[in-house]
Asks: 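This is the structure, below, for whatever I ask next.
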Amino acid sequence: MSRPVRVRFAPSPTGPLHIGGVRTALFNYLFAKKNNGVFYLRIEDTDQNRFVPGAEAYIFEALEWLGIAPSETVGKNEKFGPYRQSERKPLYKQYADQLVNTGWAYYAFDTAEALDAHRKQHEAEGKTFIYNWHNREKLDTSLVISQEETERRIAAGEDYVIRFKTPVNETLHLHDIIRGEIKFETNLLDDKVLFKADGMPTYHLANIVDDHLMETSHVIRGEEWLPSMPLHSLLYQAFSWEAPLFAHLPLILKPIGNGKLSKRDGDKMGFPVFPLEWKSEEGISSGYREKGFFPEAVINFLALLGWNDGTDQELFSLEELVSKFDLNRVHKAGAKFDPEKNKWFNHQYLQKQSNESLAAAFTPILAEKGITVTSDTLTTIVSHIKERAHFVAEFWDLADYFFVAPIAYDEKAAKNWKEETPELMRQLIAVLQTIEDFTSVQIETRVKEWMAQHEIGMGKVMQPFRLSLVGALKGPHLFDIAEILGKDETIKRLETAIKTL
């Protein structure tokens, strides 16, 4: 295929964008950028019954947040617009009629009640009802009634659908970039509805027509669409159009057990399956943004769900992903979703952030608690605690003692407070009071000189000292903590511990 690369993400606005859909969008984006092509977004809203207000805006906001916004979409570079299928409605009927006129489709007048009766009859006989070559000329279709009668019934306003007339006794040999050669027997396919009684096309017709008119070169989509591949290939054949190349991405699997990742898995295990928070009548579903994930981390872990570059490298910038992405390195097998590994990715990206930007992100959390602190001090505190954090939201639990003196002490740690400890802490206070330049280096030097001079063991001082300042045996370098707290606060906390413990 020599035509320019044009790929699309074509979601339906039926609710929040699932993380699996985001992965599909990402792989399309990476493929387009790698091949100097165009990544565009089309809203497939032909099923008006399932339309959910706010879902379309959610899709755009999610892709913007992730940094993979399309080059063309609704209201943006509409070279092949409109980019909402509902606004393209007048287009589809002519193509459905064209298929009828060329013998590739037919009118079907069967009522829902009649089809239900057929299904029940087949079930009673232990069979499955399939609307296709073996019964389409026994049902209420234009294949068995005259053209005059067909036109009369349509003119009279009878409900009808247009179905695809699947060829009989053919074996389709189709190629998928990821899966290689795939065979389909046409006799096993059903005659899908292409045009509905409500005057709207089904997904199958609209999808093919739009992909052709929008000059789509490759269709990169989820594995769940693999069963549609033979119908879509036949539709291109029926229209005498050049078909795009197909690539069906592997499923994203549950963290535990078998099957496709679902919202239920996220609810059960406490992780998001949506990029952004989603509010509905059923409640609030958490999103990766609101959980404190960096968009770069989400992009990174999604890229590795079903793809790798053939090395052990795990951390990729978006630019690196673009340069290395290759559909031939996408796996066929499903990729297991790992919430803990995803947190690891976020930890890596958190370490890459500047201390200043992290301090700015921490400030609103402190403001909610009524705490104000200078930006320089906060930046210093963040530099000491960030290596232990996966998310900015964890900073408070890691650093609360910098802002609020302990009022209780870890019971297990308090066992280090011996009979001689209060006297040692009083001596320590006396040493601290003599230090003019109250920096970490000076404090450590003077305290260790005092301990060596009096042959005092490290554990007898350091653990009670830390317990006094922090309330537990945790935190960064002890003398760094003392410097940040300052001389007065450090001594005050030691005095409180002497009284309390």
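Fair warning: this is a prediction, and the values are worked out from it, not measured in the lab. If you read the sequence from its start, that first residue is 1, and numbering goes on from there.
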Asks: Taking NZ, NE, NH1 and NH2 as the nitrogens, is one of them in R388 or E394 under 4.0 Å from a carboxylate oxygen of the other?
Replies: no
Asks: For residues 432-458, which residue pairs qualify under side-chain hydrogen bond (donor to acceptor under 3.5 Å, both in side chains), counting only residues two or more places apart or in two chains?
Replies: T434-R446, S440-D480, E444-K448, E444-H477
Asks: Take atom CD of E411 as the centre, draw a 6.0 Å sphere, and report whether it contains more than 12 heavy atoms from other residues, nucleotides or ligands.
Replies: no
Asks: Counting only N and O atoms by type, is there a donor-acceptor contact under 3.5 Å from the side chain of S12 to the main-chain atoms of E44?
Replies: yes
Asks: Are K34 and F31 in a cation-pi contact, defined as NZ or CZ under 6.0 Å from the six-membered ring centre and within 45° of the axis?
Replies: no
Asks: Anything under 30° is parallel, anything over 60° is perpendicular, the rest tilted; go ahead and classify F479 against F465.
Replies: perpendicular
Asks: How about L226 and I182: do any of their side-chain heavy atoms sit closer than 4.5 Å?
Replies: yes
Asks: Begin from the C-alpha positions of E223 and K260 and carry the test salt bridge (charged side-chain N to carboxylate O under 4.0 Å, His left out) through to its verdict.
Replies: CA-CA 11 Å; E223 182 182 314; K260 185 179 174 183; over 6 Å; no
Asks: Check whether any side-chain N or O of N28 sits under 3.5 Å from a backbone N or O of I220 as a donor-acceptor pair, and report yes or no.
Replies: yes
Asks: Does any non-hydrogen side-chain atom of L302 lie less than 4.5 Å from one of F345?
Replies: no
Asks: Does K196 have more than 12 heavy atoms from other residues, nucleotides or ligands lying within 6.0 Å of its NZ?
Replies: yes
Asks: Could you report the tightest heavy-atom contact between Y29 and G67, atom names first, then the distance?
Replies: OH-O, 3.8 Å
Asks: Taking K487 for its side chain and I435 for its backbone only, find out whether a donor-acceptor pair lies under 3.5 Å.
Replies: yes
Asks: Heavy-atom distance under 4.5 Å between the side chains of L41 and I59, does that happen here?
Replies: yes
Asks: Are W307 and F27, when compared by the centres of their aromatic rings, separated by less than 6.0 Å?
Replies: no
Asks: Do Y92 side-chain atoms and M200 backbone N/O form a donor-acceptor pair below 3.5 Å?
Replies: no
Asks: Which atom pairs, one a donor and one an acceptor, fall under 3.5 Å between side chains of residues 363-374 and the rest of the protein, sequence neighbours left out?
Replies:
residue	atom	partner	partner atom	Å
T363	OG1	A359	O	2.8
T374	OG1	T377	N	3.2
T374	OG1	T377	OG1	2.8

Asks: Hey, can you pull the donor-acceptor pairs under 3.5 Å for the side chains in residues 325-337, sequence neighbours left out?
Replies:
residue	atom	partner	partner atom	Å
D326	OD1	N328	N	2.9
D326	OD1	N328	ND2	3.3
R329	NE	N308	O	2.9
R329	NH2	N308	OD1	3.0
H331	NE2	N308	ND2	3.3
K336	NZ	K254	O	3.4
K336	NZ	G257	O	3.2

Asks: Side chain of R466, backbone of K474: donor and acceptor closer than 3.5 Å?
Replies: yes
Asks: Is a side-chain N or O of N346 found less than 3.5 angstrom from the main chain of H390, in a donor-acceptor match?
Replies: yes
Asks: Got L245 and S217 here, is their nearest side-chain heavy-atom distance under 4.5 Å?
Replies: no
Asks: Would you list the pairs meeting side-chain hydrogen bond (donor to acceptor under 3.5 Å, both in side chains) in which at least one residue belongs to residues 490-501, sequence neighbours left out?
Replies: E489-R493
Asks: Applying the salt bridge (charged side-chain N to carboxylate O under 4.0 Å, His left out) test to R289, which of E277, E61, E64 qualifies?
Replies: E61
Asks: With the side chain counted from C-beta on, respond yes when D210 and R42 share a heavy-atom pair under 4.5 Å apart, and no when they do not.
Replies: yes
Asks: Taking distance alone, no hydrogens or angles, what donor-acceptor pairs closer than 3.5 Å link side-chain atoms of residues 396-410 to residues at least two apart or in another chain?
Replies:
residue	atom	partner	partner atom	Å
Y401	OH	L398	O	3.4
D410	OD2	K412	N	3.4
D410	OD2	A413	N	2.8

Asks: Hey, are E314 and K341 close enough for a salt bridge, meaning a charged N less than 4.0 Å from a carboxylate O?
Replies: yes
Asks: Output yes when E296 and K352 qualify as a salt bridge under the 4.0 Å nitrogen-oxygen rule, no when they do not.
Replies: no
Asks: Under the 3.5 angstrom rule, does the side chain of S71 hit a backbone N or O of Y40 as a donor-acceptor pair?
Replies: no
Asks: Looking at E181 and K183, is there a salt bridge between them, counting it only when a charged N and a carboxylate O are closer than 4.0 Å?
Replies: no
Asks: Locate the shortest heavy-atom distance separating V22 from P275; write the atom from each residue and the value.
Replies: CG2-CG, 3.9 Å
Asks: Any side-chain heavy atom of P244 sitting closer than 4.5 Å to one from H232?
Replies: no
Asks: Locate the shortest heavy-atom distance separating K76 from A69; write the atom from each residue and the value.
Replies: NZ-CB, 4.3 Å
Asks: Looking only at the side chains, is there a donor atom on one of Y83 and E72 sitting less than 3.5 Å from an acceptor on the other?
Replies: yes
Asks: Taking side chain as C-beta onward, heavy atoms only, is F80 less than 4.5 Å from T216?
Replies: no
Asks: With side-chain contact (heavy atoms from CB on, under 4.5 Å) as the test, pick out the partner of W278 among V273, L17, V52.
Replies: V52
Asks: Are F391 and F293 an aromatic pair, judged by ring center distance below 6.0 Å?
Replies: yes
Asks: Please report the closest heavy-atom contact between Y236 and H212, naming both atoms and the distance.
Replies: OH-N, 4.3 Å
Asks: Name each donor-acceptor pair under 3.5 Å that joins a side chain in residues 380-387 to protein atoms two or more places apart or in another chain, with its distance.
Replies:
residue	atom	partner	partner atom	Å
T380	OG1	D376	O	3.0
S383	OG	T380	O	2.5
K386	NZ	Q351	O	3.4
K386	NZ	Q353	O	3.2
K386	NZ	N355	OD1	3.1

Asks: Report the relative orientation of the aromatic rings in F274 and H18; use parallel for angles under 30°, tilted for 30 to 60°, perpendicular for over 60°.
Replies: perpendicular
Asks: Do you know which two heavy atoms are closest between W65 and P295, and how far apart they sit?
Replies: O-CB, 3.3 Å
Asks: May I ask you to test the E420-K460 pair for a side-chain heavy-atom distance under 4.5 Å?
Replies: yes
